[in-house]
**Student:** 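Can you keep this structure in mind? I'll have questions shortly.
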Amino acid sequence: MGEFIDVKEIFGENVFNDSAMKARLPKKVYQELKKTMEEGKDLDPVTADVVAHEMKEWAIEKGATHYTHWFQPLTGSTAEKHDSFISAPMKDGKVLMNFSGKELIKGEPDASSFPSGGLRATFEARGYTAWDCTSPAFVRKDAAGATLCIPTAFCSYTGEALDQKTPLLRSMQAINTQSLRLLRIFGNTTSKKVTPSVGLEQEYFLIDKEKYLHRKDLVFTSRTLFGAMPPKGQEMDDHYFGVIRERIGAFMKDVNEELWKLGVSAKTQHNEAAPAQHELAPIYAEVNVAVDHNQIIMETLKRIANHHGLVCLLHEKPFAGVNGSGKHNNWSLTTDDGINLLDPGKTPHENMQFLLVLACVLKAVDIHADLLRESAADVGNDHRLGANEAPPAIISVYLGEQLHDVMNQLISTGSANHSIKGERLATGVKTLPDFAKDATDRNRTSPFAFTGNKFEFRMVGSKDSGGEPNTVLNTIVAEAFCEACDYIEAAEDKDMAIHDLIEKYFMEHERIVFDGNGYSEEWVEEAKRRGLPNLKTMVDAIPALTTEKAVALFEKFGVFTRAELESRAEIQYETYAKVINIEARSMIDIASKQLISAAIKYTKELADTVIAVKNCGVEASVQEEILKETSVLLAEARNALTDLIELDAKGAKLERGKEQAVFFNKEVVPAMEALRAPIDKLEMIVEKDMWPMPSYGDMIFEV
Ligand code: ADP
Ligand code: MG
């Protein structure tokens with residue numbers, strides 16, 4: 001048995017959190033810093049110096065030797081450059097450990113090798129990281145020792161955002177301002193701040209490291225580019241919520257301990273639908289903290305897996321034909337005094353504030369469905385969205401029976417006079433207590449579902465930052481709130497104006513509401529009739545970023561400039577082409593050097609067998625048939641390989657940007673599929689010992 005963990009004792013021990021600050025900082029400095037955190041006041045240099053000094057002392061006590069500005073560039077992961085605390089040597093050869101307010105607040109990494117989408121030519125390499133004091137600093141311990149990590153935003157010399165965090169923080173300001181306006185209309189004079197609360201559920205796969213190392217496709221691209229389906233998949237549903245195996249349990253225990261020390265409130269863990277798939281969810285937090293914590297979770301999963309001889313795969317679709325991984329983004333709006341704007345209460349039909357918020361969200365999601373879809377666009381996610389296991393690529397909103405009914409009442413009669421109540425759940429067993437059911441069942445097929453007191457956006461890819469989806473959500477809802485407030489504030493009869501708006505929004509945006517089965521073919525047809533966009537791939541989704549509608553939205557709320565949006569679109573096109581190019585080249589490499597040659601060896605063995613059997617005067621028709629079948633597949637594979645080599649080379653020569661991405665999407669991706677098909681068939685024929693890579697069965701059933 002492992003050691004007992006005292007959660008209360010260790011929780012947050014490696015975080016420079018509120019209690020650490022209170023204990024360490026002089027009272028006045030602490031109050032100044034709190035003001036900055038809560039009201040966005042500028043931090044004066046003297047205060048910053050004191051904070052930096054105390055933070056450094058605290059970190060050194062935890063064993064830290066280095067500090068880093070920890071940021072999220074547009075590469076999809078986090079970046080950091082480590083500096084040690086050591087400063088000029090003293091006379092007697094001893095060193096001083098120094099960390100100034102300036103070093104805390106501002107960093108200057110060489111920005112030239114991070115993607116900027118043309119925002120900054122490489123000769124203007126200056127980029128700055130700036131401390132996000134609303135997300136606490138922490139000490140991370142790993143093989144490199146202990147490092148003080150300072151969450152930061154990353155901008156260019158001219159102030160353009162080069163990261164995920166800057167726009168997210170800007171969008172938080174927008175939603176705060178507009179939410180407060182809305183609350184004031186309903187007579188709330190006491191709440192001072194509204195912040196999006198977000199809980200990100202993280203799905204991942206765990207496989208054995210030895211096997212992983214024998215799969216060059218996983219090593220190079222994080223997903224399998226070949227692989228026949230095992231005889232048993234997930235059809236028995238016996239993995240989902242199944243008992244967690246010992247090896248995995250030991251891994252999860254270590255992950256939890258690490259996360260708790262870092263102040264991440266890891267809460268639930270369970271097996272997911274696919275074999276070898278799991279999920280971890282923390283308790284929700286303020287959105288920028290939640291997004292940072294999600295990055296810490298992803299890094300920790302990978303690091304701890306390594307300690308257990310495992311590899312954690314965060315790719316959206318590591319195995320074809322097996323459920324992929326997503327990151328459910330649970331989103332609500334909370335005031336500083338604890339009110340959740342998305343809480344319907346017991347009788348939502350009477351709760352005008354809630355109904356207006358709901359109607360605004362529907363409007364926002366309907367008008368900007370393309371942007372939301374884009375915010376979840378990722379090369380890996382293309383294998384997932386629209387396949388029958390993840391939400392479709394079409395955005396719709398699930399309201400559930402109770403709210404859908406309130407909406408229908410309003411649309412058909414102009415008023416709503418009742419809310420369907422949750423009934424008692426009768427199990428039919430006397431010794432089990434009856435209890436009240438939720439008023440609404442769950443719908444697992446909706447991309448954007450109301451789940452009691454929050455919305456759950458389920459499209460986000462498992463390895464992606466939560467930054468982009470939440471930036472979009474905050475901004476589109478801010479816009480809807482703003483337009484509603486403009487109208488109501490100008491009206492003479494405010495109650496009437498509120499009522500009219502709710503009814504109007506429900507009527508105009510009813511088409512976005514869908515409570516049925518999102519995986520069905522009929523829904524695709526129905527959505528088309530309703531005029532809802534169906535952006536199937538990442539390449540189809542990227543243009544949403546730079547429409548006039550998007551530019552007007554983001555510029556109005558100061559979240560992105562046109563130039564920033566254009567640069568982001570550029571980066572996405574480049575990323576798409578790069579990823580597919582790497583996948584294609586890996587396929588070419590593996591097919592030529594490993595798989596086709598293995599099949600050739602097998603045909604030689606078969607041919608020898610045929611001759612040997614015939615020499616004994618016995619007929620060898622089975623061997624001959626298999627030999628023929630193998631040869632036909634080999635020829636098919638060889639032709640497909642030649643095509644892929646040619647197309648990939650052509651694509652790689654195109655100028656970077658949209659045209660190149662479209663070429664990779666339309667030409668190279670189908671050529672990759674054409675190569676995979678005969679090779680997966682060969683895997684089913686060639687003797688197992690001769691196949692040079694572990695099979696799907698080896699990887700996902702034997703962890
Ligand atoms: P499930 O999706 O299985 O129903 P939960 O209800 O436990 O899971 O919630 C999933 C995630 O949503 C968790 O991270 C949880 O903390 C978060 N969550 C719960 N309530 C809210 C809320 N009001 N706003 C944002 N996130 C929330
Ligand atoms: Mg969920």
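All values reported here derive from a predicted model rather than from experimental measurement. First listed ligand is number 1; within each ligand, the first listed atom is number 1.
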**Student:** Taking both backbone and side-chain atoms of Trp331, is any N or O found less than 3.5 Å from an N or O belonging to ligand 1?
**Tutor:** no

**Student:** When you measure from the heavy atoms of Thr451 to every atom of ligand 1, does any distance fall below 4.0 Å?
**Tutor:** no

**Student:** Relative to the ring of Phe514, is the ring of Trp523 parallel (under 30°), tilted (30 to 60°) or perpendicular (over 60°)?
**Tutor:** parallel

**Student:** As an exercise, identify every atom of ligand 1 less than 4.0 angstrom from a heavy atom of Ile283.
**Tutor:** 16 (O)

**Student:** Fit a plane to each ring of Phe319 and Phe205, take the angle between them on a 0 to 90° scale, and name the class: parallel (under 30°), tilted (30 to 60°) or perpendicular (over 60°).
**Tutor:**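 Because their plane-to-plane angle is over 60°, the rings of Phe319 and Phe205 count as perpendicular.
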
**Student:** Taking only heavy atoms of Gly199, which atoms of ligand 1 are found under 4.0 Å from at least one of them?
**Tutor:** 14 (O), 26 (N)

**Student:** Does ligand 1 have a heavy atom under 4.0 Å from the side chain of Glu456, from its backbone, from both, or from neither?
**Tutor:**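 Answer for Glu456: side chain.
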
**Student:** Describe, in one word, how the ring planes of Trp70 and Phe138 are oriented to each other, choosing from parallel (under 30°), tilted (30 to 60°) and perpendicular (over 60°).
**Tutor:**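 The arrangement is perpendicular - the two ring planes meet at more than 60°.
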
**Student:** Going by heavy-atom distance to atom 9 (O) of ligand 1, choose the closest among Lys454, Gln202, Glu279, His328.
**Tutor:** Lys454

**Student:** Might you confirm whether atom NZ of Lys536 has over 12 heavy atoms from other residues, nucleotides or ligands at distances under 6.0 Å?
**Tutor:** no

**Student:** Can you tell which of Glu299, Gln72, Gln295 makes a side chain to side chain donor-acceptor pair (under 3.5 Å) with Thr78?
**Tutor:**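 That would be Glu299; it is the only one of Glu299, Gln72, Gln295 passing the side chain to side chain donor-acceptor pair (under 3.5 Å) with Thr78.
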
**Student:** For a 4.5 angstrom cut-off between non-hydrogen side-chain atoms, does Leu545 reach Phe560?
**Tutor:** no

**Student:** Looking only at heavy atoms, is any part of Asn340 under 4.0 Å from ligand 1, and if so is it the side chain, the backbone, or both, or is it neither?
**Tutor:**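 Near ligand 1, Asn340 shows its side chain, while the N, CA, C and O stay back.
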
**Student:** Indicate, as side chain, backbone, both or neither, the part of Lys267 found under 4.0 angstrom from ligand 1 when only non-hydrogen atoms are considered.
**Tutor:**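 It is neither part, as no heavy atom is under 4.0 Å.
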
**Student:** Does Pro282 reach ligand 1 with a nitrogen or oxygen that is under 3.5 Å from one of the ligand's nitrogen or oxygen atoms?
**Tutor:**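 The answer is yes, given that Pro282 and ligand 1 share an N or O pair closer than 3.5 Å.
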
